[in-house]
Structures are given as structure tokens and as C-alpha cells.
Amino acid sequence: MQGIPKTYDQSQEPNVYKLWESSGYFNPDNLTGKPFTIMMPPPNVTGDLHVGHALFLTLQDIMIRFGRMRGRKTLWLPGTDHAAIATQSKIEADLYKQEGKTRFNLGREEFLKRVEVYAQTKHDNIVRQIRRMGASCDWSREAFTLDEQRSLAVRTAFKKMYDAGLIYRGKRIVNWDSKLKTTVSDDEVEWKDETASFYYLRYGPFVIGTARPETKFGDKYVVMHPKDKRYKNYKHGQKLEVEWINGKVTATVIKDETVDPEFGTGVMTITPWHDAADFEIAQRHNLDFEQIIDDRGVLLPIAGEFANQHIKKARPLIVEKLKAKGLLEKIDESYSHRVATNSRGGGLIEPQIKEQWFVDVTTLKEPMLKTVKSGKIKIIPKRFEKIYFHWIDNLRDWCISRQIWYGHQIPVWYKDGKTFCDTKPPAEPGWVQDPDTLDTWFSSGLWTFSTLGWPQETTDLKTFHPTDVLETGYDILFFWVARMILMSEFLLDDIPFRTVYLHGLIRDKDRQKMSKTKGNVIDPLGIIDTYGTDALRMGLIVGNLPGNDLPLSEDKVRGYRNFANKVWNAARFVLQNIIDLPSPSRRGAGGEVVMTSEDKKILRDLDKFTSEITKKLEKFDFAHAAEDLYHYFWHTFADKIIEESKPKLADPKKRASAQLMLTTMLETQLKLLHPFMPFVTEAIWQLTHKDLLMIQSWPTKGKRK
RNA sequence: GGACGGUUAGCUCAGUGGUAGAGCACUUCUUUGACGUAGAAGGGGUCGCAGGUUCAAAUCCUGCACCGUCCACCA
């Protein structure tokens, strides 16, 4: 015992992890009991792990280790996400920066090779980092959203939805990223505030306002509210000759209730091809659609002398011409509005009318609502349920086709105007597969069951689905959680999980949101090297309530490094002082330890404390459980109970009782602390035990061993 | 324009009706046989503002302010 170092050495953590992993107990096949399952949110293979990942790994590992110790057949299935658009945009950016090339210069095959090399490198690093966090997940079942098994699941899901009429191809207005040259879904659009110039233009007898004069070439409808008295003399359908940018056009008056009479002059012209709201007005009144800007942001022949110019360059010239023609009434320089951008590392969104694949969500809304409203799925914290309902109310058909190359290619083939959808290509020659790929969230939506071997009816699927807990950030409630519910309800007619635990975002010290694309991520591995994994885990858990953001401070982590050392030294004290206590098997037959009433009371309090911790863990209240454990160990056990045990140990009449009390206190607390601080607790346990703390039974009242 | 969250000690946050709490930071002391990554003691808050309910409000109600987030077809 003299050999135990005075300071806890966290550099032994990787060895402890090897011990766990080689034991086989990460794999539920080696466990018994009622299944308990969590699917790990697969990190994107776009970068390294950041502290947000460290947080979810910690939270899920706490639940998993707690479950395992309580005798559950525990499965935590790890994996990674190909993150189609995020990964592709990263590679494209690198390619352009390093070689001045675009993906089109390389070609589809060569480009994909590069992406795969990159993804593999990142994957290997991520997996190493997940291990370093102490995650007790089953590596034998690891999955990737783009591997063979998951690809089959994706094609199968697509076909089933296609056959059910839930997936259709339609020509509609979509969000076009003219930089990445692909569509993105409504949810991926990020609106950014911007101050711009707002132009008031003369349009015949009217004055219309626009922030985008370069889209106005084809405007031949002038729209106003039917009840606007200022324009009561103009009739719906009435035609007027007006002088416009490139000469005379015939304008048609349209009365539509969506026009806000309070805004500007109460009159507007519309550009149905490049504006979602205008598109709807045009649809309602059966108007013409004309494309003005191409996929690259270049003006088409309709722009006359401005054709073939990029909109950025053309705008000032167009304004100049309008001014020269006397059509420019005035300019409001401080007009604030929002511009749409692609949140996944792309560029400005330019609405376009395009033929794309969509998921018809109208019939799927009902089950999505019902599962949560009925309480079959519980969201923690509860306030997010309302946000979820509101999102579903506003949900429109989900555009799932992307014009990028990295991802699941759409399982549809064309030939002579015929369409064929299946999980395999048609046997006869001559069919050409749709070149588009699927939204990455389409494959993520299948995650709870694609990971278990679906569409095959595997034992794993029967055993572990629906999963118990889905733990993730509130920022992907819509992207991911909602889509999983949608997919699982339709394809399996079952919920994907019972409880959704939403954690907040870890922010940097300036409270800035960390994100993969912003590049302000903090490397948790650096923190681990200095303070140890247990310290980081505690720093991320204490004070972290579901749904609330948490700024990360190094001071806090340092405090828990000190706590790990405190645990180590308290253990050292106990172990050094119980050497002459007979082991449980050799007690009895005259060797029974008679507990003093004082020590009995301490153990009764321990029982009470244990059940409080258990209750908090059952309620997903990890922050308070961790805080309580910290206080109890340090300020009750170390400061008081250990100090008061010193004279008892010196008293031959009380010594054995104190020894038994101390070792019981220590072992129970090691078990309670283990889900939170697995490394230091296991390292201490290993000093005197041949088996693993990881699979000890969770302490319960009266069954203390 | 809607909705939600926050506003408590220098900092980060707990605390949902009954004499203000924790961690870190700060002050003083302890030269140490478990640990100085420690121990003991201590200072520090009119709990955003204004009303109201109550014997009693940080805690419930109303309004306001500021910060933050989400949603929404203001051309």
C-alpha cells in the first residue's frame, strides 16, 4: 500500500480504457437483463471532436454506465456521419484553396476518392478521441451512415416511401445555393440580418420597392391588396403599358390579400421564379413564371444588355440605368432585412424553380405529433415539446435531393421517359441513374434502426428497438429528432426512442457558439492532457441543466481535477488503514466486526444519500447528482468522517468498526461516482480488486455487500 | 410580428412561499504522516424594475426594461 503515489496520475487513463474494452463488457452480448439502448449521435467526419461532443459522450456514458451497473443489457452503439453537404463543402474549399480547382475540374469519381480519404482519416481520429473520453460503447457494432448496411437501409426506405407515394418528384421553388450548386432544405437555411439599399422604382403609375433590382426584368404583374382604397380604381386583371428597365412591358394588375398595405407603397411587382412568396401568389392566380438568373447567379437573355453578367456586378449598372431613365424615385440606404444563406458552409441562397425530390409530410405530421402529445415520447426539458409542435405545424414538404456528389445517390433510374425505383438497378441496359444524392438527414433519420440491421429482421432489431434514450443538442431537434420520429413511425410503425434528452450548447469563454464551420472549436483533448478526462467530464456536467447553454471555463475543470485527486487520496488513506481488516470471506466464526452505533449511523446516512443519487439519475438530473456526489465525498466523507475516524482507528475497541465503515463508505461512493468519473474510480478499485468496478452492482439500500 | 428562456455574491450558476446557497476568485491563519491539486476560519448579495396576492415572495400574478434563442412568405 505504501506504493500508492500521492498524486492521482491521469496518464494511466488509456490503460484503464483498454482494460474495460478488452473485458468485453461494452458489448451487450456479454451482459444479461432488460435491454437498455442509446444510439450515439454520429459525429460528422468533417473535423475533430469538440467540447460539444465531449458533453454528449459524457452524458450518454453516465446513463450507460448507470444502466450497466443496474443490471441492464446495455447497448451504446457508436458511429459516424458522412455529413454529405458539410463534408463536400469542406473538401471543395480545400481543393480551391490548395489547387485552385473546383470539383468539376476533377470529375465525380476522382473527387469522391478524395472525400473518402479525408473522411477515413477524420473517422479514425474521431474514434480515438471517443475512446479517450472514456465512452463505454460497443465498438463491435460501430456504424457509418454511408457504409454498405446503412446504404441498403437508405435505398429500402426510399423505395418504401416512393411506393407509398410519400416521395415524389416535383417542379417547385427551392433554396438554391449558387456557390455549392445544390439545393438545401428549408431547415438548412440560415437568415442573416443585413443593412442594404432599398430602391423605390416607378412602375407606370405606381411606385414599387425592392432590395433586388437585378431580379426585376421579368416583372409583369403588379400586385396590391384588394381592399386598399388608394388603388380601388385598378381592377384585377387590368392591363397597363409601362416603361420598364429595357423598354415597354405590359403589366397586369393582380389583387392579392397577402400584400401588406402598410409596407412601402402597398404595391409590389413579383418575381415568381426567384422568390418563394411571389411563387405562391403566381400559383394562386395561375400566372407565368420566368427565370431571370441562372444556377451560377448570371443574368439570362431576358436581362437584355445585362445578360451574361453576374448579378453582383450588374446591380449598380442596372440602378444606374434606372436612374438615367428617370425610373428611380429614391433610395433608402439603411434598409434592414434578412438574407438567406446556407448554414452548412455554403453561400447565399438564391431561390429557383427546379425539379427535385420531396417527401410529402402532410400524412406524416399526425403520427409525429401524436407520439409526443400522447407521452409515448417524452422530451426533456418539456418546454421543447411546444417548440416541436410549432415546428410541425409549419412543416412543409421536405426537399431531399441534392446536387452534390458525396452521399447516397438516389435509387431511381430513367430510360425513355420511364422511371424506375428500387434498391437495385434495373437488369436491362440503358437505364441512367438520377445523378442527385440525398439530404444527409435522410440517412440520419434511419439511425435508430439502420444501425441494428434493418431492413433485415435481425435479433438486434428485435432486442434493442425502440431505443430508450436519444440524447442530443436542442439545435438539431428539427433536423434530426423530428426526422427520426417521422422515419421510424412510417417504416417501423413504432417510436424510435422513449425519451429525448436535449442538452444545451457548450459555448466558449466569450459565450460564442462553437461550431464546426466557424472554426472556434476548443479541443477537449488538450484539456484532457492537462486535467484528465474525469475532470473534464465533471466540468461539463455540474451546472449543466438540460436545454441550457454552458460556457466552458478552464478554472472549473481544474477544480474537478483537484477533486479527482481528493478521491484518490481519501482512498489512499482508507486502503492504508484497513490492511489488518479481515476480508469479508474470512470474517465470521468469531471474526465478526461489531459496528459501533456511531458508525452504523454513518452507514444509514450513506444509504439515504445513495437513494437520493439514484433518484436523481432516474430523473436525468445529472447536474445535481454530480454536485451532490462532489459535496458528499469532499465535505462529508473526507472533511468530517475521515477526520473523525482517526481517533477511532487508534482505539482498539473501535478500530475494526471504523475500518469496516470506511471501506464501505469508500466502495459505495466509488460505485456512485463511477458513471461520472470512471477512470479514477476504476483505478482505485483495481488497487484491491481483481474484477471491474464497471460491472459492479449499483448500491441499493440494505444490499451493501 | 409571434413564442420561449434568462436577469440571485467579482465570475459561472443552484435555489418555486417561511430568517439568502455552491464552485471558482478574494482575505486571514495552518509548515503538512490521506491529500498544499490540502485543512480551518472569514468577507461579500436592498435576489433586473414597478405594482399586486399573502401573516409571509428570490419563489405566485400583472406590467415594463434589458440580454439571448427559436419560428414567420415584409416585396
Side-chain angles (χ1 to χ4, degrees), chain A residues 1-2 4-8 10 173 186-187 191 198-201 208-212 215-216 219 222-224 256 258-271 274-281 335-338 340 351 381-396 474-475 477-478 504-505 507 509 511 513 531-532 535 538-539 542-545 547-577 621 623-624 626-628 630-631 634-635 638-639 642-643 645-646 662 666:
Chain A
M1 271 329 126
Q2 282 83 347
I4 306 174
K6 280 174 95 165
T7 303
Y8 169 59
Q10 68 242 11
I173 192 153
D186 294 343
D187 294 300
W191 295 90
F198 192 74
Y199 307 90
Y200 288 89
L201 308 176
I208 58 137
T210 183
R212 307 199 55 196
T215 65
K216 294 279 150 193
D219 287 14
V222 59
V223 193
M224 62 212 67
D256 193 281
T258 55
V259 177
D260 178 6
E262 305 291 315
F263 185 89
T265 55
V267 183
M268 64 178 191
T269 60
I270 57 170
T271 314
H274 299 292
D275 186 285
D278 294 358
F279 177 85
E280 282 178 20
I281 292 172
Y335 173 68
S336 63
H337 69 150
R338 301 184 311 158
K382 203 170 164 53
R383 64 186 151 91
F384 281 95
E385 291 184 357
K386 198 171 170 184
I387 297 172
Y388 173 80
F389 296 143
H390 186 245
W391 179 78
I392 291 176
D393 287 343
N394 286 310
L395 190 58
R396 291 187 293 174
Y474 65 75
D475 55 329
L477 176 65
F478 307 142
L505 272 40
R507 296 177 174 269
K509 57 184 191 304
R511 290 196 145 265
K513 188 171 164 177
Y531 300 108
M538 284 296 275
V542 176
N544 193 343
L545 269 53
N548 285 6
D549 293 353
L550 187 83
L552 181 74
S553 87
E554 200 170 319
D555 278 350
K556 190 177 176 188
V557 177
R558 193 191 310 120
Y560 292 109
R561 188 273 315 264
N562 295 354
F563 177 56
N565 192 55
K566 188 76 187 176
V567 173
W568 179 259
N569 277 290
R572 210 159 70 98
F573 173 82
V574 173
L575 297 180
Q576 281 168 351
N577 282 286
D621 188 3
H624 292 117
E627 203 177 345
D628 290 353
Y630 173 92
H631 272 102
W634 200 319
H635 301 301
D639 290 349
I642 284 186
E643 286 310 315
S645 77
K646 288 176 183 173
L662 285 174
L666 177 66

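Letters go in sequence order (proteins before strands), and every chain restarts at 1.
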Nucleotide nearest [X] (side chain, heavy atoms from C-beta), chosen from [options]:
X	options	result
A:Ala570	B:rA38, B:rA34, B:rC4	B:rA34
A:Lys566	B:rU12, B:rA38, B:rC74	B:rA38
A:Ile387	B:rA75, B:rG39, B:rC70	B:rC70
A:Leu545	B:rA75, B:rA14, B:rC71	B:rA14
A:Arg383	B:rC70, B:rA75, B:rG5	B:rG5
A:His631	B:rA3, B:rA14, B:rG23	B:rG23
A:His624	B:rG15, B:rA34, B:rA75	B:rG15
A:Phe263	B:rC35, B:rA14, B:rC74	B:rC74
A:Asp260	B:rC74, B:rA72, B:rU37	B:rC74

Spacing between [X] atom [atom1] and [N] atom [atom2], to the nearest angstrom:
X	N	atom1	atom2	value
A:Asp393	B:rA72	CG	C1'	13 Å
A:Trp191	B:rG1	CH2	C1'	15 Å
A:Leu666	B:rC35	CG	C1'	14 Å
A:Asp639	B:rA38	CG	P	11 Å
A:Glu627	B:rG23	CD	C1'	8 Å
A:Lys382	B:rG5	NZ	C1'	17 Å
A:Phe384	B:rC71	CZ	C1'	13 Å
A:His337	B:rA75	NE2	C1'	11 Å

Give none if [N] has no partner; otherwise give the nucleotide forming a Watson-Crick or G-U wobble pair with it, both distances under 3.5 Å.
N	result
B:rC24	B:rG10
B:rA3	B:rU69
B:rU54	none
B:rA38	B:rU30
B:rU46	none

Given that A:Ser336 and A:Thr7 both sit by RNA chain B, which one's nearest nucleotide is further toward the 5' end?
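Checking each residue's closest nucleotide, the 5'-ward one belongs to A:Thr7.
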Heavy-atom nearest nucleotide on RNA chain B for A:Arg561 versus A:Asp186: which residue maps closer to 5'?
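The residue whose closest nucleotide sits nearer the 5' end is A:Arg561.
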Using the [atom1] atom as the reference point in each nucleotide, state the distance between [N] and [M] in Å, no decimals.
N	M	atom1	value
B:rC60	B:rG6	P	10 Å
B:rG45	B:rC64	C1'	24 Å
B:rU37	B:rA22	P	24 Å
B:rA20	B:rC47	P	11 Å
B:rC29	B:rC67	C1'	42 Å
B:rA9	B:rA14	C1'	13 Å
B:rU8	B:rG68	P	15 Å
B:rA50	B:rC55	P	23 Å

Within the 4.0 Å heavy-atom criterion, would you say [X] contacts the bases, only the backbone, or no part of the nucleic acid?
X	value
A:Trp634	sugar-phosphate
A:Ile642	base
A:Ala638	base
A:Val574	nothing
A:Tyr630	sugar-phosphate

Tell me whether the side-chain N/O atoms of [X] come closer than 4.0 Å to OP1 or OP2 in [N].
X	N	answer
A:Asn565	B:rA38	no
A:Asn548	B:rA14	yes
A:His635	B:rG23	yes
A:Lys556	B:rG23	no

Ring-face cation contact, A:Phe573 with A:Lys646, 6.0 Å cut, 45° max:
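Yes, a cation-pi geometry.
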Start with the C-alpha gap between A:Glu643 and A:Asp639, add the side-chain angles, then the distance that decides, and say whether side chain to side chain contact (heavy atoms under 4.5 Å, CB included) holds.
CA-CA 6 Å; A:Glu643 286 310 315; A:Asp639 290 349; 5.7 Å; no
Between the main-chain N or O of [Y] and the side-chain N or O of [X], is there a donor-acceptor pair closer than 3.5 Å?
X	Y	result
A:Asn565	A:Arg561	no
A:Asp549	A:Leu505	yes
A:Lys556	A:Val542	yes

Of the options A:Phe389, A:Tyr388, A:Trp391, which is the one that meets A:Phe478 in a ring-ring contact (aromatic ring centres under 6.0 Å, His included)?
A:Trp391
Check whether the side chain of A:Glu643 and the base of B:rA34 form a donor-acceptor pair under 3.5 Å.
yes
Check: [Y] and [X] side chains under 4.5 Å, non-hydrogen atoms:
X	Y	answer
A:Ile387	A:Tyr474	no
A:Ile4	A:Trp568	yes
A:Asp278	A:Met268	yes

Closest approach of A:Asp256 and A:Thr258, non-hydrogen atoms and distance?
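So the two residues come closest at OD1-OG1, 2.5 Å.
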So which heavy atom on A:Ile642 is nearest to which on A:Leu662, and how close?
CG1-CD2, 4.2 Å
Heteroatom pairs (N/O) under 3.5 angstrom, protein to nucleotides 25-33 of chain B:
none

